Chemist: 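So that we are looking at the same thing, I have put the structure below in structure tokens.
Order of appearance sets the numbers: ligands from 1, and atoms from 1 within every ligand. Here the structure is a predicted model, which is why all the values come from computation and not from measurement.
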Amino acid sequence: MRLLMCPPLYYAIEYEINPWMSRSRQSDSRLADEQWRALYQLLQDRLGVDVALVEPRPGLPDLVFTANGGLVWENKFIVSNFRHEVRRGEAAHFENWFAARGYEIFHLPEQIFFEGEGDLLMCGDLFFAGYRIRSDIVSHQKVAEIIEREVLSLELINDWFYHLDTCFCPLGSNQAIYYPGAFDGGAMKVLEDHVGTLIPIGEEEALRFACNAIVAEKNIVMNGGCPKIRAQLESMGFSVFETPLSEFIKAGGSAKCLVLKIPHAE
Ligand code: ARG
């Protein structure tokens with residue numbers, strides 16, 4: 001497995017685009033750097049994940065949340081169209097990174113918002129995509145045409161869980177953890193109809209970003225302080241690695257937001 005990350009050199013809380021962010025609750029840059037490094041080392045050195053890096057840029061504090069840069073599928077890179085102006089400058093950096101490595105680049109029509117893997121996750125052979133708070137539902141159809149796969153749309157209704165990867169975490173084929181309070185009734189039905197084992201997370205651990213976990217085969221990496229889901233995952237045969245990410249949660253992101261999957265990389 002290959003992941004793309006961005007060191008938090010220019011990371012800070014410079015604007016407020018989700019309920020987690022408050023400029024008066026600044027991140028500690030030394031601690032953010034330490035936490036990011038610990039995540040990087042855990043993935044790269046202990047779990048044997050190949051981590052590639054995109055260069056940090058001044059003026060783009062949320063560039064660390066690489067999951068939002070776009071969607072990688074085979075040799076295709078679909079560039080995000082960020083809903084918020086303050087993040088739009090990030091898109092070109094991801095586009096350049098993938099273009100330089102020979103990926104075919106796809107843009108969605110400008111007026112259609114799409115925030116990459118943050119809102120589009122694969123569970124087994126199925127693609128699930130979140131919409132309303134960040135990505136638009138029409139982006140799902142466009143992405144489906146590009147990747148030539150069906151995409152199942154899930155409406156997100158809770159501003160604290162504004163991207164799909166904050167409330168839904170596939171564990172492999174046909175099983176996932178999720179936070180029911182983030183989805184509307186129709187979305188719940190889609191999940192129940194398509195995912196055999198759906199494990200609900202309580203509000204307390206959902207708010208500690210338990211669903212925003214990185215799954216690397218049987219290893220799961222998540223923010224600290226989620227003992228209930230940890231025990232449940234361990235009883236299912238997963239190894240759970242907790243790593244503190246408090247400084248990134250101040251911007252509304254945790255482990256999974258800090259990585260972009262590059263599937264099929266050799
Ligand atoms: N501050 C960023 C935003 O609100 C956090 C992004 C978190 N990323 C994610 N994949 N959930 O856009």
Side-chain angles (χ1 to χ4, degrees), residues 3-27 29 32 35-36 39 43 54 56-57 59-72 78-91 93-94 113-122 127-136 139 143 154 156-170 176-179 182-183 201 206-215 221-223 245-262:
L3 297 174
L4 183 64
M5 292 179 71
C6 176
L9 191 57
Y10 304 106
Y11 171 69
I13 314 297
E14 286 177 13
Y15 42 76
E16 299 169 4
I17 57 171
N18 68 52
W20 301 90
M21 302 176 92
S22 163
R23 269 166 295 185
S24 59
R25 227 165 56 90
Q26 219 19 267
S27 54
S29 55
Q35 294 181 342
W36 185 91
L39 175 66
L43 291 166
V54 60
R57 302 287 166 146
L60 296 175
D62 276 342
L63 196 64
V64 291
F65 298 113
T66 52
N68 297 125
L71 182 80
V72 195
I78 307 173
V79 187
S80 284
N81 281 344
F82 287 92
R83 180 171 293 269
H84 298 283
E85 173 82 52
V86 284
R87 293 200 67 184
R88 291 196 188 136
E90 297 175 33
H93 297 295
F94 291 102
F113 298 130
F114 172 62
E115 298 204 352
E117 200 190 81
D119 264 331
L120 207 148
L121 298 168
M122 204 179 180
F127 285 90
F128 293 92
Y131 72 94
R132 202 178 72 83
I133 302 177
R134 292 297 180 85
S135 300
D136 289 324
S139 71
V143 169
L154 304 170
L156 303 179
I157 56 166
N158 183 330
D159 285 338
W160 292 88
F161 301 94
Y162 54 93
H163 280 139
L164 184 62
D165 69 0
T166 63
C167 49
F168 177 66
C169 176
I177 56 178
Y178 79 123
Y179 174 54
F183 297 95
I201 304 240
L207 286 168
R208 298 188 64 83
F209 274 75
C211 295
N212 198 249
I214 302 167
V215 181
V221 177
M222 62 169 67
N223 179 42
L245 291 165
S246 61
E247 298 319 291
F248 298 97
I249 287 177
K250 290 176 180 171
S254 184
K256 162 69 186 60
C257 302
L258 292 167
V259 306
L260 176 67
K261 260 188 216 109
I262 307 181

Chemist: Apply side-chain hydrogen bond (donor to acceptor under 3.5 Å, both in side chains) to D62 and list each qualifying residue two or more places apart in sequence or on a separate chain.
Modeler: Y15

Chemist: Are any side-chain N or O atoms of E90 and backbone N or O atoms of G69, one a donor and one an acceptor, separated by less than 3.5 Å?
Modeler: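 Judged by distance alone, no pair lies under 3.5 Å.
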
Chemist: Would you say that L258 contacts F65 through its side chain, given a criterion of any heavy-atom pair below 4.5 Å between the two side chains?
Modeler: yes

Chemist: With sequence neighbours left out, write down each residue that passes salt bridge (Lys or Arg N to Asp or Glu O under 4.0 Å) with R25, or none if nothing qualifies.
Modeler: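 Partners of R25 under the salt bridge (Lys or Arg N to Asp or Glu O under 4.0 Å) test: none.
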
Chemist: Nearest 0.5 Å, what's the CZ-CE distance between F128 and M122?
Modeler: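 The CZ atom of F128 sits 10.5 Å away from the CE atom of M122.
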
Chemist: With S22, which residues qualify under side-chain hydrogen bond (donor to acceptor under 3.5 Å, both in side chains), at least two apart?
Modeler: S24

Chemist: Would you check ligand 1 and list the protein residues that come within less than 4.0 Å of it by any heavy atom, ordered by chain and number?
Modeler: I17, N18, M21, D62, F65, A67, N68, R87, G118, R134, Y162, H163, D165, T166, A251, G252, C257

